[in-house]
Amino acid sequence: AYQHTPGASKKIRLLKETHIRWCLNGLENMPGSMAYLDCSRPWLCYWILHALELMGWSLTEKERQPAFQAQYKIRSSHVVDWLKRCFRRCVGEDGVTYGGYGGGPGQLPHLAPTYASICALCIIGTEEAYASIPRDELLRWMLRLKTKDNSFQMHENGEVDIRAIYTCMAVACILDILTPELTNGVADYLVQCQTFEGGIGCEPYDEAHGGYTFCGLAAMTILKERKFDMSKLIRWIVARQKRLEGGFDGRTNKLVDSCYSFWVGATYAITKAIICESKETLEPRDVAVLDYLHMTNISKEPPPSEFLEADVQDSQGDNEADQFEDIIDATECMPSVCGDWFFDEVALQEYLLLCCQNHQGGLRDKPEKRPDYYHTCYALSGLAIAQHGHYHDAKVAKSLRAVLGDPPQVLGDQRNLLECNSPIFNIGKQKVLDAFKYFGNRDRF
């Protein structure tokens, strides 16, 4: 309805201040009603810190301000100390120590809270946070979790599924402990999880699922392998956006859920990057997409000279670079589809902003549900992906500007713009680069 009322779209707002207060209250004093998530406490830290990060709010920066100090007691050092207590150190038969992060102090080491803990510490991004991570012990523990068929258990003697592979590969990549012993044969197991539909299941012969498809494709990308049938996968993911709601479902014939805004949205982004990477000759926009996913780094590697020359020619009054013509022709046939990711990014933003916000704080699965930290994190993560990286300015963008990135497409008030996050790791893009720099990972995948 807002589309038929002049000026109404500008009134659509992401209630950042309300959501920030709601997240901070949860970080400082989690209500007793959340006791059922006692085994997921590192996840709560990560969900809240990442939601704050996406909204441009940094605990490490704000905690220095007197106004914040007067209102809140929580500090980044408190989070680091808490996560250190969640690390469970074990001693093997040979006397060598190993371990991982559990869902709380004294709990069993588990790959899911290990991933959440590492992400939370990278979001904090201080020397104290980085130094608290026992990389060698983590690597020894993850090697113990690897199975004979080259998959991973979530914990010792635990379930085996594709989540374990993704969380293990993501943690190892960030910490620069992605050894051949850890990765050998993993891609071959991942391929077995792709279904006849094209999506990826929890394990071989399971139903295709949005979350597991993300885990499989992201893990394969980290491994620098390209073994999935991408034509089948693309056919499956393009069916995930629903015409009426604009949001994504996670499986065939299921309802939309705001968390799939990230799980499926990030899968679109990774898919686009794989397509760009496969081209014999990269166009400026391809380079920008690859940089967005850390698969190249244009801040370290200057764009090819022909891109710079094209920009100089444009500035002298020549026609726009003709490499955009096919893109322009294609997007003009789909008036509301104007970005890189093969889905209607405006419709997704409509669903998240109009249907999923709670005016008392937080975001929810769908309108009749209550808000929670999980859906707040992943709804905002999907919203950020929908906002960033678009072809929609191709007609006026010069070649060099296209390499550096086009302006984001933001539905409603321009203050709705979120920070750019990494579709592969789901923490801020700059936080990923900072972690790579600290731990010595110089490779792109």
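Here Leu27 contributes atom CG and Ile74 contributes atom CD1; the two are 4.5 Å apart, rounded to the nearest 0.5 Å. Taken from CD in Glu53 to CD1 in Ile124, the straight-line distance is 10.5 Å, to the nearest 0.5 Å. The distance from the SG atom of Cys193 to the CE atom of Met220 is 9.0 Å, given to the nearest 0.5 Å. Within the model, atoms OG1 of Thr213 and CD1 of Ile162 stand 8.0 Å from one another, a figure rounded to the nearest 0.5 Å. One finds the CD1 atom of Ile270 at 5.0 Å from the CG atom of Leu217 (value rounded to the nearest 0.5 Å). If you take NE2 on His110 and CG on Leu145, they are separated by 9.5 Å, rounding to the nearest 0.5 Å.
Pairs passing the salt bridge (Lys or Arg N to Asp or Glu O under 4.0 Å) check and including a residue from residues 245-254, sequence neighbours excluded, read Glu207-Arg251, Arg240-Asp249, Lys242-Asp249. Within the structure, side-chain hydrogen bond (donor to acceptor under 3.5 Å, both in side chains) pairs that include any residue of residues 182-196 comprise Asp188-Lys227 (at least two apart or interchain). Sequence neighbours left out, the pairs with a member in residues 238-259 that pass ring pair (Phe, Tyr, Trp, His ring centres under 6.0 Å) are Phe248-Tyr268, Phe248-Phe343. The ring pair (Phe, Tyr, Trp, His ring centres under 6.0 Å) contacts involving residues 60-93 comprise Trp57-Phe68, Phe68-Tyr72, Phe87-Tyr101, where partners must be two or more places apart or lie in separate chains.
Atom CD of Gln360 sits in a sparse spot, with 12 or fewer heavy atoms from other residues, nucleotides or ligands closer than 6.0 Å. Remark: Asp94 CG is packed, more than 12 non-hydrogen atoms of other residues, nucleotides or ligands lying under 6.0 Å away. The local environment of CD in Gln65 is crowded, with over 12 non-hydrogen atoms from other residues, nucleotides or ligands closer than 6.0 Å.
The two residues Gly210 and Thr267 have their closest heavy-atom pair at O-OG1, 4.5 Å. When all heavy atoms of Leu83 and Ala120 are compared, the pair lying nearest together is CD1-CB, 3.9 Å. Across every non-hydrogen atom of Gln387 and Val410, the tightest pair is NE2-CG1, 4.1 Å. Taking both residues in full, the closest heavy atoms of Ala208 and Glu197 are given as CB-OE1, 3.6 Å, listed atom of the first, atom of the second, then distance. Between Met169 and Leu223, the shortest heavy-atom contact is SD-CD2, 3.6 Å. When all heavy atoms are compared, the tightest approach of Glu128 to Ser77 is OE1-CB, 3.6 Å.
A donor-acceptor pair under 3.5 Å is absent between the side-chain atoms of Ser40 and the main chain of Trp43, judged by distance alone. Counting only distance, with no hydrogens or angles, the side chain of Arg88 and the backbone of Gly106 share a donor-acceptor pair below 3.5 Å. Side-chain atoms of Lys431 never come within 3.5 Å of backbone atoms of Cys122 as a donor-acceptor pair (strictly under, hydrogens ignored). Side-chain atoms of Glu28 come within 3.5 Å of backbone N or O of Lys73 as a donor-acceptor pair. With hydrogens and angles disregarded, no donor-acceptor distance shorter than 3.5 Å links the side chain of Lys62 to the backbone of Ala67. No donor-acceptor pair closer than 3.5 Å links the side chain of Gln241 to the backbone N or O of Gly247. Not one N or O on the side chain of Glu137 forms a donor-acceptor pair closer than 3.5 Å with the backbone of Gly99. The main-chain N or O of Ile274 is never found under 3.5 Å from a side-chain atom of Arg226 such that the two would form a donor-acceptor pair.
Counting heavy atoms from C-beta outward, Asp413 and Asn416 have side chains that approach closer than 4.5 Å. Contact check for Leu111 versus Trp141: side-chain heavy atoms found under the 4.5 Å cut-off. Side-chain contact check for Leu352 versus Ser261: some heavy-atom pair is nearer than 4.5 Å. Within the 4.5 Å cutoff, no side-chain heavy atoms of Tyr373 are placed close to those of Leu37. Taking 4.5 Å as the limit, every side-chain heavy atom of Leu411 sits out of range of all side-chain heavy atoms of Glu345. A heavy-atom distance below 4.5 Å is found between the side chains of His359 and Leu15. Here the side chains of Ile118 and Leu138 are in contact, with some heavy-atom distance below 4.5 Å. By the 4.5 Å heavy-atom criterion applied to side chains, Gln107 and Asp38 are counted as neighbours.
Checked for salt-bridge contact, Asp81 and Arg75 miss the test: no charged N lies under 4.0 Å from a carboxylate O.
Judged by distance alone, the side chains of Ser76 and Glu63 do bring a donor and an acceptor atom under 3.5 Å apart.
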Could you list the donor-acceptor pairs under 3.5 angstrom formed by side chains in residues 364-372, with sequence neighbours left out?
unit_1, atom_1, unit_2, atom_2, d
Arg364, NE, Cys355, O, 3.3
Arg364, NH2, Gln357, O, 3.1
Lys366, NZ, Val256, O, 3.0
Asp372, OD1, Tyr374, N, 3.1
Asp372, OD1, His375, N, 2.7
Asp372, OD1, His375, ND1, 3.1
Asp372, OD2, His375, ND1, 2.9

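For the side chain to side chain donor-acceptor pair (under 3.5 Å) criterion with Lys429, the lone passing option out of Asp434, Asn421, Asp291 is Asp291. Evaluated for a ring-ring contact (aromatic ring centres under 6.0 Å, His included) with Tyr166, the options Trp263, Phe152, Tyr212, Phe214 yield exactly one hit, Phe214.
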**Request:** Give the C-alpha distance, both sets of side-chain angles, the deciding distance and a yes or no for side-chain contact (heavy atoms from CB on, under 4.5 Å) between Leu139 and Leu182.
**Result:** CA-CA 8 Å; Leu139 176 58; Leu182 195 68; 4.3 Å; yes
**Asked** Does the pair Cys356 and Tyr351 meet the rule for a side-chain contact (heavy atoms from CB on, under 4.5 Å), with working shown?
**Response** CA-CA 7 Å; Cys356 296; Tyr351 177 69; 3.4 Å; yes
**Item:** side chain to side chain donor-acceptor pair (under 3.5 Å) between Asn426 and Tyr46, intermediate numbers included
**Value:** CA-CA 10 Å; Asn426 202 25; Tyr46 162 61; 3.2 Å; yes
**Request:** Please step through side-chain contact (heavy atoms from CB on, under 4.5 Å) for the pair His19 and Leu14, ending with a clear verdict.
**Result:** CA-CA 9 Å; His19 300 322; Leu14 174 65; 3.8 Å; yes
**Message:** Under the criterion side-chain contact (heavy atoms from CB on, under 4.5 Å), I'd like the reasoning laid out for Leu383 against Leu363: C-alpha separation, chi angles, the key distance, then a yes or no.
**Reply:** CA-CA 11 Å; Leu383 182 62; Leu363 286 89; over 6 Å; no
**Message:** Go through it in stages, so that I can follow the logic: the residues are Ser381 and His50, the test is side chain to side chain donor-acceptor pair (under 3.5 Å), and I'd like the CA-CA distance, side-chain angles, deciding distance and then a yes or no.
**Reply:** CA-CA 8 Å; Ser381 300; His50 185 46; 3.2 Å; yes
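In this structure, Trp236 has no ring pair (Phe, Tyr, Trp, His ring centres under 6.0 Å) partners at least two apart in sequence or on a different chain.
If you look at His209 and Tyr260, their ring centroids are closer than 6.0 Å.
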